[in-house]
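This report concerns only the one structure given below.
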Amino acid sequence: MQTKVVAVTEDIIEKSYLEEAGTIIRNGGLVAFPTETVYGLGGDGLNPNSARKIYAAKGRPSDNPLIVHIADVADLDQITQGDLTIGQQLATHFWPGPLTMIFKKSDLVPVETTGGLDTVAVRMPNHKVARDFIREAGGYVAAPSANISGRPSPTVAKYVIQDMDGRIDMILDGGLVGIGLESTILDLTSEVPTILRPGAITKEMIEEVIGSIQCDPTMFSCVPDLAPKAPGMKYKHYAPKGNLKIVRGSNNQVVDYICQNTLAQCEQGERVGIIATNETQDAYVHGCAKETVAIKSVGNREDEESIARRLYQILREFDDEEITCIYSESFESGNLGQAIMNRLLKAAGHEVEDIRE
Ligand code: TXA
Ligand code: MG
């Protein structure tokens with residue numbers, strides 16, 4: 001299959017490209033598109049065959065449900081059942097935006113889209129290209145992140161092309177996304193609303209609107225015998241090819257630890273990548289040959305948004321550079337810090353070296 005790639009920006013959107021993309025979806029094809037979080041791999045959310053094609057293109061297990069993307073709050077009614085009061089309240093505050101909510105599904109949504117579940121995840125993205133495209137496509141676009149299953153989600157079209165070229169019909173290239181980490185997922189079907197995946201909309205922000213909620217206990221640790229409630233969270237995720245270890249401690253301790261271990265790894269023939277920050281990147285003096293170590297700043301510690309935006313891109317770059325061993329600093333503070341650490345822990349298979357005194 002030939003994959004057509006076209007450039008779109010929020011200011012200049014070629015109407016004919018959107019029409020073409022919409023027609024592809026309505027005819028059962030697949031189109032990748034930008035959102036404010038990461039790129040999505042879209043198909044018709046109401047067509048079981050489209051869902052099957054999405055699973056095949058991603059190499060994703062078909063028990064892992066897809067998020068249905070809408071462009072207008074009014075479209076929520078048709079695909080859900082039950083009391084929408086809390087959902088509507090949250091939609092008023094956070095939509096369009098990086099919040100996915102889980103509702104009881106209506107019969108309109110095929111079980112192929114929801115991985116066999118009787119619930120449906122719905123999101124209205126805060127990206128004009130995405131919403132215009134969703135409208136052209138008929139209003140309901142099922143879309144997981146546009147990566148091969150298990151790889152870091154793409155934040156630029158280059159990585160969509162790397163994973164999806166030849167597997168889908170079209171890619172709308174909208175440049176670098178705004179947030180860089182996937183949406184917050186909030187389950188509204190449990191007794192107490194529950195966050196299943198942290199994102200840019202935090203627990204505190206949601207609690208300001210609807211009062212006390214809870215987080216899935218598997219969000220930050222491997223809890224033995226407990227399966228995460230979002231089926232997708234049980235799979236190895238976001239993983240780079242190199243072996244990633246997170247180091248927890250003060251900046252100085254972490255830099256010293258990583259430098260010593262970098263040297264040891266280089267001596268064993270590994271190619272080492274270091275996820276540093278603007279504050280620390282110049283402090284990494286490790287004694288290895290320059291060609292065998294890549295030090296990259298993920299952003300500014302004072303500006304969590306910069307870190308979120310660049311994290312997946314760095315993991316992908318290390319893959320491109322055939323890095324076999326990665327050390328990362330740890331990020332635990334602040335609001336987005338939760339989402340950043342959740343993804344990093346998954347990418348590292350929860351491998352953390354704690355060197356705090
Ligand atoms: O920001 C995002 O949410 C991006 C963009 C493209 O919108 N999408 C995204 O989709 O991250 P995906 O498929 O990569 O992740 C969706 C997660 C999976 O872990 C899936 O298991 C969970 O949402 N999920 C979807 N429907 C669910 C449901 N009905 N119940 C529980 N979890 C659900
Ligand atoms: Mg994903």
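Both counts, for ligands and for their atoms, begin at 1 and track the order of listing.
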- Report the member of Ser145, Ser149, Ser153 with the shortest heavy-atom distance to atom 9 (C) of ligand 1. Ser145

- side-chain contact (heavy atoms from CB on, under 4.5 Å) partner of Met101, the single match among Val122, Leu90, Val120: Leu90

- Message: Angle between ring planes, Phe33 versus Phe133, binned at 30° and 60°: parallel, tilted or perpendicular?
- Response: tilted

- Short side-chain donor-acceptor distance under 3.5 Å, Thr100 and Ser183: yes

- Task: Heavy-atom contacts with Ser183 under 4.0 Å: which atoms of ligand 1 show up? List them by number with element.
- Result: 1 (O), 2 (C), 3 (O)

- Query: Any luck finding a side-chain donor-acceptor pair between Thr194 and Asp216 under 3.5 Å?
  - Reply: no

- Task: Look only at interatomic distance and state if Arg60 has a nitrogen or oxygen under 3.5 Å from any nitrogen or oxygen of ligand 1.
- Result: yes

- Message: Is it true that Asn252 and Ser250 share a donor-acceptor pair across their side chains at a distance under 3.5 Å?
- Response: no

- Message: If you take the nearest heavy atom of each of Arg197, Lys58, Met124, Lys105, which one is closest to atom 11 (O) of ligand 1?
- Response: Arg197

- Item | Sub-3.5 Å N/O-N/O distance, Tyr39 and ligand 1 | no

- Message: Tell me whether the Mg ion (ligand 2) has Ser145 as a neighbour, meaning an N, O or S atom of it below 2.8 Å.
- Response: yes

- Query: In terms of side-chain heavy atoms, does Glu329 have a donor or acceptor partner in Thr277 at a distance below 3.5 Å?
  - Reply: yes

- Task: Taking atom types as modelled, find out whether Thr202 and Gln338 have a side-chain donor-acceptor pair closer than 3.5 angstrom.
- Result: no

- Going by the atom numbers of ligand 1, which of them fall below 4.0 Å from some non-hydrogen atom of Ile185? 17 (C), 22 (C), 23 (O)

- Item | Flag for Ser106-Gln81: side-chain donor and acceptor within less than 3.5 Å | no

- Message: Using a 4.0 Å cutoff against the non-hydrogen atoms of Ile67, which atoms of ligand 1 qualify?
- Response: 3 (O), 8 (N), 9 (C), 10 (O), 16 (C)

- Compute the minimum heavy-atom distance from His69 to ligand 1 and say whether it is under 4.0 Å. yes

- Message: Using a 3.5 Å cut-off on N or O atoms only, is Thr35 in polar contact with ligand 1?
- Response: no

- Message: Within ligand 1, which atoms have a heavy atom of Leu117 less than 4.0 Å away?
- Response: 28 (C), 29 (N), 30 (N)

- Hey, what do you get for OG1 (Thr37) to CG (Leu181), rounding to the nearest 0.5 Å? 9.0 Å

- Backbone, side chain, both or neither: what part of Thr119 comes under 4.0 angstrom of ligand 1, heavy atoms only? both

- Query: Closer than 4.0 angstrom: is that true for some heavy atom of Thr114 and an atom of ligand 1?
  - Reply: no

- Note on the structure: side-chain hydrogen bond (donor to acceptor under 3.5 Å, both in side chains) with Thr35: of Arg123, His127, Glu182, only one passes, and it is Arg123

- ligand 1 atoms nearer than 4.0 angstrom to some heavy atom of Gly40 are 6 (C)

- Restricting to heavy atoms, the pick from Thr194, Val120, Ile102, Asp118 nearest atom 28 (C) of ligand 1 would be Ile102

- Query: Which atoms of ligand 1 have any heavy atom of Asn64 under 4.0 Å away?
  - Reply: 18 (C), 20 (C), 21 (O)

